[in-house]
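We number each residue from 1, following the sequence as shown. Predicted model only: the values in this text are computed from it and were never measured.
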Amino acid sequence: RVYITASSEHIVRATPGQEASAEKFATGANTDPYAITAGPDGNMWYGGDHNPGVVGRINILAPQVATLPATVVTTTGARFNASVNSRGSTDTNYPFTCGPSPDLSGALTTGAGGVTQDESAHVVSTAVGGLTTGSTYYYRANATNSNGSATGDIRSFTPGSPQPNA
């Protein structure tokens, strides 16, 4: 559940899978009900009927992530790249998962980096090393915030090759 206080007199309650509701706890200057609707970005938007020009948004969307080709491929390392959109969340992190198996079983996860809080996709990267020359590695980007998680496609590269394989 998400609760939003509008004043000492109002609270908006949103429960996943249920209709959001506004409740009044007292009477006073701000006693008009709140309008709550799905916004154009998929988040919930709300505003007071007494001041329809002022709106707020409740972020309820998981991040978006796309795994991009590895770059700076050396004989023992590479730079993993991804495009991550936090979709307005303040707590989005992006680790990469990497290993020698195409299904990433037994893979390791890199440390998580943070993403800017806005509605835009940002290119992010993490350098990895200590890899075996000539062995194919598989990797993907992951993104997580308090609204959910997303995973990118699995890609591959071979340290020591001039360009990533996929």
Side-chain angles (χ1 to χ4, degrees), residues 1-5 11-21 36-47 55-166:
R1 286 188 181 161
V2 176
Y3 293 92
I4 301 167
T5 57
I11 191 165
V12 175
R13 179 179 57 200
T15 303
Q18 298 179 12
E19 185 175 329
S21 62
I36 301 173
T37 185
D41 61 357
N43 282 303
M44 291 174 42
W45 290 77
Y46 64 95
V55 296
R57 180 181 69 184
I58 306 168
N59 288 330
I60 59 172
L61 299 175
Q64 294 174 321
V65 64
T67 308
L68 302 176
T71 56
V72 193
V73 177
T74 66
T75 56
T76 60
R79 179 168 296 279
F80 296 155
N81 302 291
S83 173
V84 181
N85 183 339
S86 69
R87 299 177 90 179
S89 178
T90 60
D91 63 346
T92 301
N93 293 302
Y94 66 90
F96 290 87
T97 304
C98 174
S101 175
D103 64 0
L104 294 177
S105 59
L108 299 175
T109 300
T110 67
V115 179
T116 303
Q117 174 196 354
D118 61 16
E119 298 292 332
S120 299
H122 296 272
V123 175
V124 297
S125 64
T126 298
V128 295
L131 305 176
T132 303
T133 302
S135 294
T136 299
Y137 289 88
Y138 300 86
Y139 68 101
R140 80 168 159 221
N142 310 289
T144 302
N145 64 29
S146 55
N147 299 315
S149 299
T151 57
D153 292 335
I154 296 174
R155 291 182 171 264
S156 66
F157 73 99
T158 303
S161 68
Q163 294 184 351
N165 300 77

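Using a 4.5 Å cut-off on side-chain heavy atoms (C-beta onward), T132 and Y137 make contact. T109 places a side-chain heavy atom less than 4.5 Å from the side chain of T97. By the 4.5 Å heavy-atom criterion applied to side chains, T75 and T133 are counted as neighbours. With a 4.5 Å cut-off on side-chain heavy atoms, N142 and P95 count as touching. Side-chain contact check for L131 versus F157: some heavy-atom pair is nearer than 4.5 Å.
For A70 against Y139, the heavy-atom pair with the smallest separation is N-OH, 2.7 Å. Taking each heavy atom of N93 and G114 in turn, the nearest pair found is OD1-CA, 3.9 Å. When all heavy atoms of P159 and G77 are compared, the pair lying nearest together is CB-N, 4.4 Å. Between R79 and S125, the shortest heavy-atom contact is NH1-OG, 3.2 Å. Summarising the geometry of A82 relative to L68, their closest heavy-atom pair is C-CD1, 3.6 Å, with the distance given to 0.1 Å. What you find for P102 and I154 is that their closest heavy atoms are O-CD1, 3.6 Å.
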(message) V65 vs V84, test: side chain to side chain contact (heavy atoms under 4.5 Å, CB included). Steps then yes/no.
(response) CA-CA 5 Å; V65 64; V84 181; 3.9 Å; yes

(request) Could you go through the side chain to side chain contact (heavy atoms under 4.5 Å, CB included) check for L108 and C98 one step at a time? (result) CA-CA 5 Å; L108 299 175; C98 174; 5.8 Å; no

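Here the OG-CD distance, from S89 to Q117, works out to 7.0 Å after rounding to the nearest 0.5 Å. Remark: N85 CG to T92 OG1 distance equals 8.5 Å, nearest 0.5 Å. Rounded to the nearest 0.5 Å, atoms CZ (R155) and CG (N81) are 9.5 Å apart.
Formation of a donor-acceptor pair under 3.5 Å by the T76 side chain with backbone atoms of G129 is not found in this model. In this structure a side-chain-to-backbone donor-acceptor pair under 3.5 Å is present from R87 to A62.
Y94 pairs by the ring-ring contact (aromatic ring centres under 6.0 Å, His included) definition with nothing, not counting sequence neighbours. Take S146 and apply the side-chain hydrogen bond (donor to acceptor under 3.5 Å, both in side chains) test, not counting sequence neighbours, and it matches D91.
Under the 3.5 Å distance criterion, with hydrogens and angles disregarded, no donor-acceptor pair is assigned to the side chains of R140 and T151.
Surrounding CG of D118 are more than 12 heavy atoms belonging to other residues, nucleotides or ligands, all under 6.0 Å away.
Using the six-membered ring where Trp is involved, F80 and F96 have ring planes that are tilted, between 30° and 60° apart.
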